[in-house]
There are 2 protein chains.
Amino acid sequence: MAQLNYRSDVSAPEAGGDKPALSMEGMCRDILARHEDTISVRNPSIAVLRLKRILVAALDLSNSGGFQAMSLRDLSEKSGMSTGGLYAYFDSKTTLLRMILAQVTHVVETVLTDPPEAVTDDPVAHLRWMVDAHLRLTEDLLPWFVFAFMEAKNFPPAERRLAIDSEALTEGLFADVIKTGIAQGQFRSETSELLPALIKPLLQDWYVKRAKYRRREISLEAYSGTVKDIILRYCVPNAGEL
Amino acid sequence: MAQLNYRSDVSAPEAGGDKPALSMEGMCRDILARHEDTISVRNPSIAVLRLKRILVAALDLSNSGGFQAMSLRDLSEKSGMSTGGLYAYFDSKTTLLRMILAQVTHVVETVLTDPPEAVTDDPVAHLRWMVDAHLRLTEDLLPWFVFAFMEAKNFPPAERRLAIDSEALTEGLFADVIKTGIAQGQFRSETSELLPALIKPLLQDWYVKRAKYRRREISLEAYSGTVKDIILRYCVPNAGEL
DNA sequence: CACGTAAACGAACGAACGTTCGATAGGCGG
DNA sequence: CCGCCTATCGAACGTTCGTTCGTTTACGTG
């Protein structure tokens with residue numbers, strides 16, 4: 001959707017600016033390292049610079065109109081490179097898709113499987129942290145998530161599988177915490193096994209309908225608070241005292 | 001007559017078979033009536049028959065690969081008509097899209113704004129009914145909903161607006177019931193104003209991730225029950241006794 | 001049976017797509 | 001200053017797309 005407002009100016013304030021690994025530069029360095037074989041440009045400082053321009057443009061174009069609708073001529077114009085020149089950075093349009101997809105799933109896994117120690121002993125705190133961490137992550141990497149999970153349906157089979165597996169992994173992390181909570185008695189034993197599956201869409205709505213929430217001036221904290229309330233009031237007994 | 005035989009065993013998922021208005025035939029009759037001017041075939045019995053074949057094929061092709069990726073040659077082959085012949089039923093590919101979109105939004109509005117009398121006095125019962133009605137509707141018209149709301153982001157601006165407005169209307173219906181419930185004291189006054197917005201993704205996950213729930217052998221009743229539990233435990237005080 | 005109209009056909013068109021590849025520019029070592 | 005390698009360019013190719021339109025078929029009516 002056009003309201004995404006992800007500025008195509010490369011010198012723009014970067015996403016996840018305070019966390020280097022989540023900055024556009026850090027993400028591009030990761031991608032470059034993971035695709036050394038398909039990227040023919042050997043000078044890393046040049047390659048990262050160009051990759052940044054290409055990916056910013058690709059995310060922007062894809063997120064307003066879809067990945068399939070983005071032509072390499074559009075991408076060429078917006079990134080300031082020739083259509084032929086783009087092929088120094090990927091060997092097919094599908095590879096470009098795979099680059100973005102692999103990077104975002106890698107970041108999700110890295111962040112969500114590394115909770116602070118203070119939280120791992122208490123399922124309630126752990127659950128709260130996961131909701132916060134997931135929402136913060138999607139906020140920092142908004143265009144990446146929109147691309148990876150809103151476009152996923154139109155991807156080629158192999159790439160779609162990647163997206164589905166990534167979602168399944170996240171759901172599994174929630175399922176583990178909830179199972180632990182039930183075993184330790186903090187959560188109701190009647191808690192539906194569907195809960196982990198239903199947490200996901202609650203988290204996804206924040207970036208899927210980002211424009212709507214921005215229009216209504218809903219803050220990330222307000223959204224996050226309501227989601228945590230809904231979840232905990234469901235699975236914690238006597239949740240009125242939360 | 002060279003081309004294919006017009007088999008009557010159309011592998012049409014006879015959606016909503018018991019409710020004539022929701023059957024594939026009923027939907028097609030509605031669409032024909034609403035597009036008399038752009039459909040050049042004047043014999044209604046022929047037109048409904050062909051429309052049925054075209055729409056079944058269009059929904060099937062779109063829902064596996066996306067609407068943009070569906071070529072009119074694919075559609076021609078699958079529907080058993082020539083590419084040129086298709087243009088007797090729509091004047092452009094976008095019009096075909098609009099036909100489907102308008103029909104599904106019309107049905108949603110018709111069904112959800114007509115609750116049984118027994119339910120309108122009790123916000124809790126009304127909310128339960130709306131969840132059930134919405135889920136049953138999406139189940140009956142699964143391919144239509146998948147098309148209308150999963151493809152929506154790739155639609156042209158005017159058509160995307162249609163889809164967004166339809167979602168906003170549904171959200172508004174939930175908001176009304178919740179507001180009434182708060183005013184009458186059945187719902188907690190602290191109930192977040194975000195709740196109506198967050199109910200939607202809970203309902204949509206049923207058809208968006210339909211394959212996942214089918215694989216796990218989750219019944220519509222189990223899903224519906226969990227969703228209603230989550231919602232009511234959140235907004236009803238002392239919900240433990242539900 | 002012949003005729004006229006409704007309906008469907010399918011070859012053809014121009015545009016746009018992803019991709020290729022020979023030409024070209026720029027900087028660095030000798 | 002020359003020669004080489006890296007990085008980029010942009011015209012061109014073969015496909016495929018949505019759409020058009022002259023032609024053919026099917027069928028009710030006289």
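Order of the sequence lines fixes the chain letters, A, B, ..., with proteins taken first and strands second; residue numbering starts at 1 for each chain. Just so you know, these numbers use all the heavy atoms, side chains as well, and skip hydrogens, waters and symmetry mates. Since we're looking at a predicted model, the values are computed, not measured.
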Value in whole Å for how far the P atom of dT20(C) lies from CG of L86(A): 13 Å
Report the distance from atom NE2 of H134(B) to atom CD of Q204(B), rounding to the nearest 0.5 Å. 6.5 Å
Protein-nucleotide distance (L49(B), atom CG; dA7(C), atom C1'), rounded to Å: 13 Å
Distance, rounded to the nearest Å, where E77(A) contributes CD and dA16(C) contributes P: 13 Å
Check whether any side-chain N or O of S82(B) sits under 4.0 Å from OP1 or OP2 of dG10(C), and answer yes or no. no
Within this structure, what is the CG-to-P distance between N43(B) and dG28(D), rounded to whole angstrom? 9 Å
Can you check the R42(A) CZ to dT8(D) P distance for me, whole Å? 13 Å
From OH of Y89(A) over to C1' of dT6(D), roughly how many Å is that when rounded to an integer? 10 Å
Look at atom CZ of R216(B) and say whether more than 12 heavy atoms of other residues, nucleotides or ligands are closer to it than 6.0 Å. yes
Any donor-acceptor pair under 3.5 Å linking the side chain of T110(B) with the backbone of H106(B)? yes
Taking M99(A) as the fixed residue, which of T94(A), T38(A), I54(A) is the one that meets the side-chain contact (heavy atoms from CB on, under 4.5 Å) rule? T38(A)
Per-nucleotide protein contact string for nucleotides 15-20 of chain D (B base, S sugar-phosphate only, - none; heavy atom under 4.0 Å): --BBBB
Does R50(B) put a side-chain nitrogen or oxygen below 4.0 Å from OP1 or OP2 of dA8(C)? yes
Would you please name every residue forming a ring-ring contact (aromatic ring centres under 6.0 Å, His included) with W206(B), sequence neighbours left out? Y213(B), Y223(B)
Can a donor-acceptor pair be found between the side chains of E151(B) and Q68(B) at a distance below 3.5 Å? no
Which whole-number value in Å describes the distance from L61(A) CG to dG18(C) C1'? 16 Å
Report the distance from atom CD1 of I46(A) to atom C1' of dG26(C), rounded to the nearest whole Å. 10 Å
